[in-house]
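One structure is given here, and the rest of the page talks about it.
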Amino acid sequence: MNMYRIIKRFFDILLSITGIIVLSPLLVLLSIVIKLDSKGPILFKQKRVGINKSYFMIYKFRTMQLETPNDLPTHLLGNPDMFITRIGSFLRKTSLDELPQLFNIFLGQMSIIGPRPALWNQYDLIAARDKVNANSIRPGLTGWAQINGRDEIPIEVKAVYDGYYIENVGLFFDIKIFIKTILNVLNSEGVKEGSNNDTDR
């Protein structure tokens, strides 16, 4: 496990740098579109729980209006669709809003594969992950829970999936999750607004 963490970090750096360089034209294009589409910053920053329950600021492309309540899970917004921008709906369905997290990965705050980072005030999720030791590794851009339901599964079930990942973490398992994530994104599987997905704007 300790040796694989070193290997995993090496691949995180390599893949994040490659992704930033290769996708730079798309990152610039999306930044321009977001700025033209609605008022507000291009990036959305939010306090999240990292490795060993440390805190960091996650980066996303902004997909919601400025008046959206901050630090509130999307399912508690009542009618989240009224807050989502025109381009934001497309970004969320295609998961393109997550691309700025390549910088979080490069900085060592996240990994390509791992449990999705909880909001700082999602105490129920944090506590559930404590029971399965899922707060002991870097959170990921995607993970085992995400390819098994993503926004459609409750917190307790997510924690079980996160625990399973901790018990079985390894190169081939990470590759499996990575490939399945790409397939899910292409099919827009598991994306459901107003669910237990994290907040964004």
Side-chain angles (χ1 to χ4, degrees), residues 1-20 27 41-64 70-76 92 95-151 153-171 173-174 177-178 181 196-201:
M1 178 66 174
N2 290 332
M3 178 58 70
Y4 182 62
R5 286 193 178 190
I6 297 174
I7 297 173
K8 186 178 176 74
R9 179 61 189 144
F10 170 77
F11 279 112
D12 282 340
I13 295 173
L14 179 63
L15 291 175
S16 60
I17 291 177
T18 301
I20 291 169
L27 295 173
I42 294 169
L43 294 180
F44 172 70
K45 295 185 290 185
Q46 190 178 57
K47 186 178 178 181
R48 295 297 181 96
V49 179
I51 185 171
N52 297 322
K53 293 190 284 188
S54 58
Y55 294 126
F56 72 99
M57 298 302 290
I58 198 173
Y59 303 124
K60 289 189 174 190
F61 279 128
R62 181 177 58 84
T63 62
M64 286 191 168
N70 198 10
D71 291 337
L72 190 68
T74 305
H75 69 289
L76 296 180
R92 291 166 76 95
S95 296
L96 289 173
D97 61 318
E98 311 284 358
L99 288 181
Q101 287 161 51
L102 289 171
F103 292 96
N104 288 119
I105 295 169
F106 175 72
L107 293 172
Q109 299 162 332
M110 291 178 61
S111 178
I112 298 291
I113 310 295
R116 282 295 296 164
L119 277 165
W120 66 273
N121 58 359
Q122 282 185 298
Y123 304 117
D124 48 355
L125 177 57
I126 297 169
R129 283 178 171 170
D130 268 338
K131 296 178 182 178
V132 294
N133 203 32
N135 290 314
S136 65
I137 64 171
R138 288 186 180 89
L141 182 63
T142 184
W144 184 237
Q146 280 58 53
I147 66 170
N148 283 284
R150 191 175 175 176
D151 298 344
I153 56 179
I155 283 175
E156 295 78 10
V157 179
K158 284 183 180 180
V160 171
Y161 280 125
D162 293 336
Y164 182 84
Y165 175 74
I166 295 297
E167 294 175 355
N168 297 276
V169 62
L171 178 60
F173 193 31
D174 277 0
I177 295 172
F178 184 78
T181 296
N196 288 332
N197 190 23
D198 46 54
T199 188
D200 193 4
R201 55 172 170 168

Taking the side chain as C-beta and beyond, is there a heavy-atom pair between [X] and [Y] under 4.5 Å?
X	Y	answer
Thr181	Gln146	no
Leu171	Ile7	no
Met110	Phe56	yes
Asn168	Trp144	no
Ile177	Thr142	yes
Ile113	Leu141	no
Ile137	Arg5	yes

Is there a donor-acceptor contact under 3.5 Å from the side chain of [X] to the main chain of [Y]?
X	Y	value
Arg48	Ile58	no
Gln122	Leu119	yes
Asn104	Tyr59	yes
Arg138	Ser111	no
Lys60	Gln46	no
Asp174	Val169	no
Arg116	Gly140	yes
Asp12	Ile112	yes

Nearest 0.5 Å please: distance from the [atom1] atom of [X] over to the [atom2] atom of [Y].
X	Y	atom1	atom2	value
Lys8	Met3	NZ	CE	15.5 Å
Tyr165	Ile147	OH	CD1	10.5 Å
Asn133	Ile166	CG	CD1	6.0 Å
Phe61	Gln101	CZ	CD	10.5 Å
Leu43	Asp97	CG	CG	11.0 Å
Phe103	Ile17	CZ	CD1	10.5 Å

Residue among Asn52, Asp130, Leu125, Asp162 satisfying side chain to side chain contact (heavy atoms under 4.5 Å, CB included) with Asn135: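 Running side chain to side chain contact (heavy atoms under 4.5 Å, CB included) over Asn52, Asp130, Leu125, Asp162 with Asn135 returns exactly one hit, Asp130.
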Provide the closest heavy-atom pair for [X] versus [Y] in the form atom of the first, atom of the second, distance.
X	Y	result
Gly19	Leu102	C-CD1, 3.9 Å
Ala159	Arg129	CB-N, 4.3 Å
Lys158	Ala145	O-CB, 4.1 Å
Ile20	Leu27	O-CD1, 4.2 Å

Is the Phe173 ring parallel, tilted or perpendicular to the Tyr164 ring (thresholds 30°, 60°)?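 Ring orientation, 0 to 90° scale: perpendicular.
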